[in-house]
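Presented below is the structure to which this report refers.
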There are 2 protein chains.
Amino acid sequence: MRERPRAATIADVAAHAGVSQASVSRVLNGKQSVDPTIVHRVQASIAALGYSPSVAARSLVHGRNDTIAMVVPDLENPLFQGILKGLSLAAASDGYRVMVADTAERVEDEEATAVEARHRCDALVLCAPRMPEQRLRRLVAALAPVVVVNRSLPDADVPIVGIDYVRGIRDLVDHLRGLGHRHLAYVSGPASSASNGERLRGVAEVEAAYPDLRIDVIPGGSRLEDGYAVAEPVLAASEAGATAVIAFNDLVAFGLLTRLRRLGVDVPGALSVAGFDDVPMAEYATPSLTSMSVPRIEIGGQVWARLRTLIAGGPIQHTVLYRPRLEARDSTGPVR
Amino acid sequence: MRERPRAATIADVAAHAGVSQASVSRVLNGKQSVDPTIVHRVQASIAALGYSPSVAARSLVHGRNDTIAMVVPDLENPLFQGILKGLSLAAASDGYRVMVADTAERVEDEEATAVEARHRCDALVLCAPRMPEQRLRRLVAALAPVVVVNRSLPDADVPIVGIDYVRGIRDLVDHLRGLGHRHLAYVSGPASSASNGERLRGVAEVEAAYPDLRIDVIPGGSRLEDGYAVAEPVLAASEAGATAVIAFNDLVAFGLLTRLRRLGVDVPGALSVAGFDDVPMAEYATPSLTSMSVPRIEIGGQVWARLRTLIAGGPIQHTVLYRPRLEARDSTGPVR
DNA sequence: CTGTTAGCGCCTTCAG
DNA sequence: CTGAAGGCGCTAACAG
């Protein structure tokens, strides 16, 4: 293996240009005014030596490295992927980069991963953390600046960007009620997921609000296979009178739709099906899937806005919840 | 805003424990043996002060920061998402973190982004770079250690992990030939995509190999909408005698399938449709989509293996190409 | 086995 | 406007 030549340092540039390191530093970050002659000479030397400042040294001096970390339970989740995309683009426009840490759904690793990631970066985004509330509170306090995504944490000193699942469920149920449905089923997500809890809260609230409404809860999951596997209990609910199903998310709805179709169940004729998240594929399902749309990319941007404020020493901004928007499509129809 | 207290340094620990910084450093990275008494005392002080070493200072001394960067054209592409997942998990198991940089498909930004990202990290993964070959060659030489994904670069001193699209196309065509198809259509991807070029090469090769075979190329794209939009030219090809279509990837195939269904075209009765990548959803399409499967996560792991070798000063390992595996499903059937 | 010393590359007072 | 000098926090010789 050939050895790579040692990279040029600011000292090399200074020597080459016949000036002091301080001057080089000055032209580099243009904080003070410098004699045009020197500026020119230094720039020439920089070009000649192919010099570029060491980020490590800068980090040491400044105490920051223009990098933020995002901790997620699963990088394969379309919601988190969208948020990552939005976050990384927004951060990049301010010269920040994003480091990712996937905890592979291991709740017990979340804290250590977050601590380690934060230690390498200037700030942290905690995405849908699964850990217990008290632990989370301590953690966000210890690791500030932090922004929490998709997890409520009442009265905590941390900005939160989330999705109003309670409201989303209610709006979706209203849509179904409008179509005449009075007996529904909800296929729930993973028990550890806070956002599933919110949806369940929405279910409970709406059930309480409408005395003539009944919603059966069926244990499900968060993936395609889970939706596929849950078809039998769903059909049982249907036998028992349910005329519409709300799935934890679009993936589950897809799996369910597929299985129902293979079983010859008419959707939405015999049973209406709705999902959550409005993944791009929803429009392309058979039948096209009614879903609650969530602005994934924009959420990423909003997270960055809050984190940037925090990094700059600004105030902890208010919690913001995005209200999912109904995308009514063909998988939901009037009750027969 | 309350000020955060300055973090403890190794000097604080040394003072607290009544030993030298060197001793603290020694117990920290256990390189040399230290008197058990001191070890104990230092550990107590570390715990008492809540000390944790500064990564910036370490980076400066060691000249590395245990971070690698991955540059991708689009974080929303399922293939890259899978590779990122696999890469980040594999790297994490060796104590490395991954930083992402999304060029948002802007070829003109690729080089600058790669240079900047590399400057912050110890190594680089270039995912399906779109830039011209000569420029890419210079870049990988300048930014080593680098691993290139999904882009061929003959005789370059860089490990490459890719997908054998040529072979994949051939195997897929063989599957269709076996079903009796002799006149096909290929819906192509973005012109700037190297992997589209490979697929086209596969198309050309297989056409040359089978004199009785004809493959029409139809300009398409890489997304759901592109597949939806390309239905008309596909049907025109069908009128002209084509009995099967190969789409650039599964997203395009999905879009196409959806449009065809809405137009009342019988798949696979009137027309067989196949995709590429085998995204999880493929199995759940209507009809389930025949596709060529690619081990996204594993590719990420393989990329890390190569990069790790390089970082450790090892040799530039050979190019490895994954051969896509046929997943024959219901969207392809015998020609009538 | 331990402490002292000199950097790693850069920025930032402080004089001049 | 410029240069010299000290320090950011840590590690790696080098003596003791």
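The sequence lines fix the lettering, A, B, ..., with proteins before strands; numbering per chain opens at 1.
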A:Ser222: side-chain hydrogen bond (donor to acceptor under 3.5 Å, both in side chains) partners, not counting sequence neighbours: none

d(CZ, B:Arg64; P, C:dC8) in whole Å: 18 Å

Test side-chain hydrogen bond (donor to acceptor under 3.5 Å, both in side chains) applied to A:Asp74 - qualifying residues, sequence neighbours left out: B:Lys85

Nucleic acid footprint by protein, nucleotides 6-16 of chain D - heavy-atom cut-off 4.0 Å, B for base, S for sugar-phosphate alone: --BBBSBB---

By side-chain hydrogen bond (donor to acceptor under 3.5 Å, both in side chains) - contacts of B:Ser93 (at least two apart): none

Residues in ring pair (Phe, Tyr, Trp, His ring centres under 6.0 Å) contact with B:Tyr96, at least two apart in sequence or another chain: B:Trp304

Distance-only donor-acceptor hits, side chain of residues 53-61 of chain B, under 3.5 Å, sequence neighbours excluded:
from	atom 1	to	atom 2	distance (Å)
B:Ser54	OG	B:Ala56	N	3.3
B:Ser54	OG	B:Ala57	N	2.9
B:Ser59	OG	B:Val55	O	2.8

